[in-house]
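Below is one structure, written out as structure tokens, with a few remarks after it.
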Amino acid sequence: MHHISQYQDFFINYLKNQNISKEPKNLYEPIEYILGLGGKRMRPVLTLMAAEVFDADYKTALPAAMAVEVFHNFSLVHDDIMDDAPLRRGKETVHEKWNLNTGILSGDAMLILAYQYFEQYEAEVFRDLAKLFSKTALEVCEGQQWDVDFESRSDVTIPEYLKMIEYKTAVLVAAAMKMGAIVAKTSGKEADLIYDFGLNLGLAFQLQDDYLDAFGDPETFGKQVGGDIIENKKTYLYLKAIEFSAPEKTAELQRLFTLQLEDNTDKIEKAKAVFNESGASEATQKAIEMYTFKAFETLEKMDLSAEKKKILKTFGENLMGRKV
């Protein structure tokens, strides 16, 4: 096993050696751009790590890790279009740097490129990877649609929201880990357990993302802070604030989340004040801890050495305490 930073280096070196630059430039340059913006590379790191957890060489998992990263970035390109987001990782989003049509088409190409990386595996592994990937990709689309639907609904429940983030975010984290297990040809039981570990970690990660969207540092977060508030998204913070607040505060928050403004500074500050005063901020942090610890409970069911469990646990703890 290697350190998390080493897996990141291994993957980045592999990424840099991919020959993505082709003609027409306006199709492939945006792909190189979004893949080159950096980020934590959490999902491909998990694929490499999972492969070595189950005693395979991380190198064998690099194509699968690349597929996960290309797909993840495809979803970001299209999400940014849907959200009309100006920034991604502190840089211009693809549709802002080029145009809307380029963003749509380059994103489509990325989805196809992701599948092509599985062609490097033997038939049985290819089949299992592609089957998991297709299921996951469809779930991500379902989660994104629920996210869009929730913007115009005033009756979103917390269970509905948790199902949405499970599909939109957590299933890809879970699939990234299971892909490493598939490449390593481990047992179905262990592959399913590491999927569950990743699923709970993914839920914690998205709840942390919701929290940082409101309360993160713009210098380190890399995205527009308050973006969810501007977009009137019914996040866990919002839903908990509605649950905990007195009627007048609930009405104020609901009114804020109908506004479409040129200058959102006041709207963001008022919403954050309600999140803090109601106890929603604290409840969100507790939920992040709960899902992280659920992931750790799954680890205990796995047939792994104490050292390997510790590496996976450390990864989860780092996610829980992240600022970016």
Side-chain angles (χ1 to χ4, degrees), residues 72 74-88 93 95 103-104 107 135-174 199-216 221 223-245 247 249-261 264 267-268 270-276 278-288 290-291:
H72 172 58
F74 141 74
S75 72
L76 297 182
V77 170
H78 281 192
D79 282 4
D80 287 341
I81 291 169
M82 296 173 77
D83 293 342
D84 196 23
L87 296 177
R88 169 65 61 185
T93 47
H95 69 277
I104 292 167
K135 171 181 173 287
T136 304
L138 199 54
E139 287 171 341
V140 170
C141 291
E142 290 168 4
Q144 176 67 5
Q145 185 59 57
W146 277 326
D147 194 20
V148 172
D149 291 347
F150 290 175
E151 287 177 33
S152 57
R153 278 180 51 190
S154 59
D155 60 345
V156 178
T157 65
I158 285 175
E160 284 179 316
Y161 179 74
L162 290 171
K163 176 57 72 174
M164 182 272 286
I165 64 170
E166 177 184 331
Y167 276 44
K168 185 180 174 184
T169 300
V171 293
L172 187 58
V173 176
L199 194 71
N200 284 305
L201 216 56
L203 285 164
F205 178 84
Q206 184 56 52
L207 289 171
Q208 181 80 306
D209 213 54
D210 290 354
Y211 182 84
L212 290 172
D213 189 275
F215 296 104
F221 187 47
K223 288 188 282 185
Q224 182 179 26
V225 171
D228 288 342
I229 297 168
I230 293 168
E231 293 295 320
N232 297 325
K233 293 200 173 192
K234 315 303 193 296
T235 64
Y236 195 87
L237 274 167
Y238 172 89
L239 295 172
K240 279 293 179 184
I242 293 292
E243 180 186 339
F244 294 156
S245 294
K249 283 291 182 184
T250 297
E252 179 189 346
L253 194 59
Q254 287 172 329
R255 183 190 65 80
L256 280 174
F257 274 65
T258 62
L259 301 177
Q260 301 285 349
L261 305 169
N264 291 282
K267 176 183 175 179
I268 291 168
K270 283 181 177 176
K272 285 167 65 173
V274 178
F275 293 162
N276 282 329
S278 65
S281 300
E282 186 181 352
T284 303
Q285 289 174 308
K286 284 182 178 175
I288 293 162
M290 182 194 76
Y291 283 108

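On a predicted model such as this, the values are computed, not experimentally measured, just so you know. These numbers come from the heavy atoms of this one structure, side chains and all, not from hydrogens, waters or symmetry mates.
- Atom CD1 of residue I81 and atom CD1 of residue I104 lie 5.0 Å apart, to the nearest 0.5 angstrom.
- With hydrogens and angles disregarded, a donor-acceptor distance shorter than 3.5 Å links the side chain of D213 to the backbone of G227.
- Here the side chain of K240 pairs no donor or acceptor atom with the backbone of T284 at under 3.5 angstrom.
- T93 contributes a side-chain N or O that, together with a main-chain N or O of A85, makes up a donor-acceptor pair within less than 3.5 Å.
- In this structure, the separation between OH on Y167 and OG1 on T136 is 10.5 Å, given to the nearest 0.5 Å.
- Between F275 and L253, some side-chain heavy-atom pair lies under the 4.5 Å cut-off.
- Residue H95 comes nearest to D84 through the heavy atom pair NE2-OD1, 3.9 Å, listed as atom of the first residue, atom of the second, then distance.
- A distance-only check finds no donor-acceptor pair linking the side chain of D80 to the backbone of L87 [under 3.5 Å].
- Under the rule for a side-chain hydrogen bond (donor to acceptor under 3.5 Å, both in side chains), Q254 has no partner lying at least two apart in sequence or in another chain.
- Side-chain atoms of Q260 and N232, non-hydrogen and from C-beta on, do get closer than 4.5 Å to each other.
- For Y161, the ring pair (Phe, Tyr, Trp, His ring centres under 6.0 Å) criterion is met by no residue, not counting sequence neighbours.
- Separating the OG1 atom in T235 from the CG atom in D228 is a distance of 6.0 Å, to the nearest 0.5 Å.
- Panel note: side chain K272, backbone F215; no donor-acceptor pair is recorded below 3.5 Å.
- For the atom pair NZ of K286 and CG of L207, the computed distance is 14.5 Å after rounding to the nearest 0.5 Å.
- Judged by distance alone, the side chain of S152 and the main-chain N or O of D149 form a donor-acceptor pair under 3.5 Å.
- Every residue meeting the ring pair (Phe, Tyr, Trp, His ring centres under 6.0 Å) condition with F257, not counting sequence neighbours, appears here in chain and number order: Y238.
- Of the charged side-chain nitrogens involved, none lies within less than 4.0 Å of a carboxylate oxygen, so that K163 and E160 do not count as a salt-bridged pair.
- Taking each heavy atom of L261 and K267 in turn, the nearest pair found is CD1-CB, 4.1 Å.
- Every salt bridge (Lys or Arg N to Asp or Glu O under 4.0 Å) that D147 has, sequence neighbours left out, goes to K168, K233.
- Rounding to the nearest 0.5 Å places CD1 of I288 at 7.5 Å from CG of L212.
- When all heavy atoms are compared, the tightest approach of F244 to A283 is CE1-CB, 3.7 Å.
- Looking at every heavy atom in both residues, D210 comes nearest to L237 through O-CD1, 3.7 Å.
- Pairing each heavy atom of G202 with each of A170, the nearest pair is C-CB, 3.7 Å.
- In this structure S281 satisfies the side-chain hydrogen bond (donor to acceptor under 3.5 Å, both in side chains) test together with N276, sequence neighbours excluded.
- Note that the CE atom of M164 and the OG1 atom of T169 stand 7.5 Å from one another [nearest 0.5 Å].
- Between the side chain of K249 and the backbone N or O of V274, no donor-acceptor pair lies under 3.5 Å.
- Residues forming a ring pair (Phe, Tyr, Trp, His ring centres under 6.0 Å) with Y236 (at least two apart in sequence, or on another chain): none.
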| message | Please evaluate residues V173 and L199 with respect to the criterion side-chain contact (heavy atoms from CB on, under 4.5 Å), reporting the C-alpha separation (whole Å), side-chain torsions for both, the decisive distance (0.1 Å), and the verdict. | response | CA-CA 6 Å; V173 176; L199 194 71; over 6 Å; no
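- Between H72 and L172, the shortest heavy-atom distance links the atoms CB-CD2, 3.9 Å.
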